[in-house]
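Atom set for the values below is all heavy atoms of this structure, side chains included, hydrogens, waters and symmetry mates excluded. Just so it is clear: chains get the letters A, B, ... in the order the sequence lines come, proteins before strands, and each one is counted from 1.
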Number of protein chains: 2
Amino acid sequence: MSNLTLKQLRYFAALARHGHFGHAAEACAISQPALSMQIKELEETLGTMLFERGARQVRLTGFGEVFAERVREILRDVDELGDLARASRDRLVGRLRIGIIPTIAPYLLPRIIGDLTRAFPELDIQVRETLTPKLAQELSDGLLDTAIVALPVSDPAFAEVPILTENFVLVRHARQAGQPAPSREKLRGMRLLLLEEGHCFRDQALSFCSIPTGRPREGLDGSSLSTLVQMVGAGIGVTFIPEMAVEVETRSASVSVTRFDDAQPCRTIGMIWRRSNPLAGQLDRIARVIHCACQAG
Amino acid sequence: MSNLTLKQLRYFAALARHGHFGHAAEACAISQPALSMQIKELEETLGTMLFERGARQVRLTGFGEVFAERVREILRDVDELGDLARASRDRLVGRLRIGIIPTIAPYLLPRIIGDLTRAFPELDIQVRETLTPKLAQELSDGLLDTAIVALPVSDPAFAEVPILTENFVLVRHARQAGQPAPSREKLRGMRLLLLEEGHCFRDQALSFCSIPTGRPREGLDGSSLSTLVQMVGAGIGVTFIPEMAVEVETRSASVSVTRFDDAQPCRTIGMIWRRSNPLAGQLDRIARVIHCACQAG
DNA sequence: GATTGGACATAAGGAAAACTTATCGCGAAA
DNA sequence: TTTCGCGATAAGTTTTCCTTATGTCCAATC
């Protein structure tokens, strides 16, 4: 009637090892009758005798022997469960699903993944690159563990930790190199090339220029910073890119880069995760590692 | 502090499957708080969170997922334990160690093993051939499960079941073929070839001739019935062999076989096993199979 | 923005399980 | 026969586990 118990299996294993109720009971730190009862109940549950109670000795039955073998395996596996938990409590193990927005991914991801892998070799890192709203949704749904986005996200369910703050630079055609940075008013008069809608970087750029984000704009939208820079190089207009993208994107285009002196446009990159995530503490450690990774560059 | 419990693992598996405390509890046929408490205790035992309690849903943590995988395996193994027991309750499985005396083994063993293997294909039969006292000792020590010997053994610790009763025949030289069976008095005057001391068959033959068994005898002792028959064929004396040995042993020797008319000498072959052996019932079944095997011949 | 409802946690009390000490009974050894 | 070792059984107590009732939080709804 009653189900099998791990306790019964442990007692059984002890008795099988000692071949003596008294000694086995002592090894289990219980009294001999307690062990007798558990063994008896185990045998009743199985409907088979496990031990042959001789006058002077207790012996496993034939079935008891094959049973004992299996039980030893099971107990070992169960004990390994505990080890597994203990191990994963300290060091970070298993899968870590990171979301990241497209205006960060190409520039920071190699360094981030490198440093994380070095810091947590047992971590299986999976990356998903898409826009912030989708990342937030997937984070909520438990499809992601954390995301690297531009702050603030301002979702009360998420914890936010800043990673780095970086300026935007103006990208103009190469022939405009050396010209001073235009004022915002002048900027609004230029043909400003931006990312497609949905990219937070688009909104941040518009915001810097004091242009309402909702309003339909004339002009072309690019699907990546790389595309935008190439368009600038072709003389189609100007654009912004974040500082971290400068080196990569302006290398092979006839463009010039201009930094603003005062009131520099900037964005804050940060990590977010569900507050309810029990990994919160370890995500904090990860955030610190990523922080260092980004500062170092 | 408290140890892992199978119950906890079962509840955990249910919750992992349902992702909902209420539903999982229902599936386990317990109340929701009971499940909550067990899960909580499991998590405390492990020192790690297994589930992420969201506002609207319950999700496994990363560690919880790898944990769940292992737990499923363990639960499956444990359930197989029950199956294993249930299976071995009916049909006979595992090792069966049979002891048998030398004056039976060559003649009955092939048929016995054949029939047993046919009746219980999952039985792993091991045979040990030696004299009755040694068999009895090994049976007591648990080195054998059963033995096929001449009854009675009269050990109160052993159960005895007769298998067959067979007569002894007198083996004389071929030139004496057709001569009537001698009386016991005449027998005592002949040179009687017997097995070495320790063989019960020796004692039974002596007993038939009303010769005290303990007394030192003139004459030669053979180590097997085959040897004895060959010696008879060489004209050295006469001997007894059991009926079952006639066909095999007298085929290639110049001997004649004589059966007694009245007061035929005989022995009863039977199976013995420890009364305390929980397999007693199944040994009974085996005895019946062997019984049939011997009758059929 | 107050309210309602769903869902898990907590509390308290009671039923069941498990352990303890004491004792019995059996078989072997002295 | 007595004695002794050892496992089974009995009775009582502690611990565990489950139940019902209640609390709390959060999200959805009006």
Side-chain angles (χ1 to χ4, degrees), chain A residues 1-12 14-16 18-45 49-61 64 137 140-142 155-158 274-278, chain B residues 1-12 14-16 18-45 49-61 64 137 140-142 155-158 274-278:
Chain A
M1 189 91 308
S2 95
N3 242 329
L4 237 58
T5 314
L6 269 189
K7 203 183 309 192
Q8 290 172 348
L9 297 187
R10 290 218 151 87
Y11 292 176
F12 164 77
L15 182 53
H18 289 95
H20 185 289
F21 278 73
H23 300 166
E26 189 178 8
C28 296
I30 57 170
S31 65
Q32 168 262 313
L35 187 129
S36 282
M37 289 189 298
Q38 290 298 320
I39 296 294
K40 181 182 172 185
E41 190 168 333
L42 176 60
E43 288 177 327
E44 282 174 0
T45 301
M49 291 286 104
L50 292 169
F51 294 95
E52 183 182 333
R53 277 85 157 165
R56 207 34 105 174
Q57 57 186 328
V58 175
R59 240 196 323 267
L60 279 170
T61 62
Q137 182 61 47
S140 290
D141 292 347
D155 185 321
F158 295 157
R274 296 184 301 279
R275 289 186 190 284
S276 65
N277 192 332
Chain B
M1 192 83 309
S2 96
N3 242 329
L4 239 58
T5 314
L6 269 188
K7 203 185 307 192
Q8 290 172 347
L9 297 187
R10 290 218 151 86
Y11 292 175
F12 165 78
L15 181 54
H18 289 95
H20 186 289
F21 278 73
H23 300 166
E26 190 178 10
C28 295
I30 57 170
S31 65
Q32 169 263 313
L35 187 127
S36 281
M37 289 189 298
Q38 290 297 321
I39 296 293
K40 181 183 172 188
E41 190 169 333
L42 176 59
E43 288 177 328
E44 282 174 0
T45 301
M49 291 286 104
L50 292 169
F51 294 96
E52 183 182 332
R53 277 87 158 163
R56 210 33 107 174
Q57 58 186 328
V58 176
R59 240 197 324 268
L60 279 170
T61 61
Q137 182 60 49
S140 290
D141 292 347
D155 185 321
F158 295 157
R274 296 184 300 278
R275 289 186 191 283
S276 65
N277 192 332

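Side-chain proximity of K40(A) to dC18(D), dG7(D), dT9(D): nearest is dT9(D). When the nucleotides dC8(C), dC6(D), dC19(C) are ranked by their closest atom to the side chain of V58(B), dC8(C) comes out on top.
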Counting primed atoms plus P, OP1 and OP2 as sugar-phosphate and everything else as base, spell out the protein contacts along nucleotides 22-30 of chain C at 4.0 Å heavy-atom distance: B, S or - for each nucleotide, 5' to 3'. B----SS--
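In this structure, NE2 of H18(B) is placed 12 Å from P of dC8(C), rounded to the nearest angstrom. Per the geometry, CG belonging to L42(A) stands 12 Å off P belonging to dA18(C), to the nearest Å. A straight line from NE2 of H23(A) to C1' of dG5(D) spans 10 Å, rounded to a whole angstrom. When the P atom of dT10(C) is taken as reference, atom CG of L35(B) falls 14 Å away, rounded to whole Å. To the nearest angstrom, P of dG5(D) lies 15 Å from CD of E26(A). Straight-line distance from the CD atom of Q38(B) to the P atom of dC8(C): 17 Å, rounded to whole Å. I39(A) has its CD1 atom 16 Å from the C1' atom of dT9(D), to the nearest Å. The nearest whole Å value for the distance from the CE atom in M37(B) to the C1' atom in dG23(D) is 15 Å.
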From CA spacing to verdict: side-chain contact (heavy atoms from CB on, under 4.5 Å), R53(B), I39(B): CA-CA 12 Å; R53(B) 277 87 158 163; I39(B) 296 293; 3.9 Å; yes
Between L60(A) and F51(A), does a side-chain contact (heavy atoms from CB on, under 4.5 Å) hold up when you go through it step by step? CA-CA 4 Å; L60(A) 279 170; F51(A) 294 95; 3.5 Å; yes
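Closest of all the heavy-atom pairs between C28(B) and L35(B) is SG-CD1, 4.3 Å. For F12(A) against G64(A), the heavy-atom pair with the smallest separation is CZ-O, 3.8 Å.
Contact annotation: K7(B) does not reach the phosphate of dT16(D) (side-chain N/O to OP1 or OP2, under 4.0 Å). The side chain of R53(B) places no N or O atom within less than 4.0 Å of a non-bridging phosphate oxygen (OP1 or OP2) of dA7(C). At least one side-chain nitrogen or oxygen of H20(B) sits closer than 4.0 Å to the OP1 or OP2 atom of dC8(C).
Not a single side chain to side chain donor-acceptor pair (under 3.5 Å) links R275(B) to another residue, sequence neighbours left out. For S36(B), the side chain to side chain donor-acceptor pair (under 3.5 Å) partners are Q32(B), not counting sequence neighbours.
In terms of position on DNA chain D, the residue among S36(A) and I30(B) whose nearest nucleotide sits closer to the 5' end is S36(A).
Contact annotation: the side chain of Y11(A) approaches that of I30(A) to within less than 4.5 Å [non-hydrogen atoms, C-beta and beyond].
Among the heavy atoms of the strands lying under 4.0 Å from Y11(B) are primed sugar atoms or P, OP1, OP2 only; no base atom is included.
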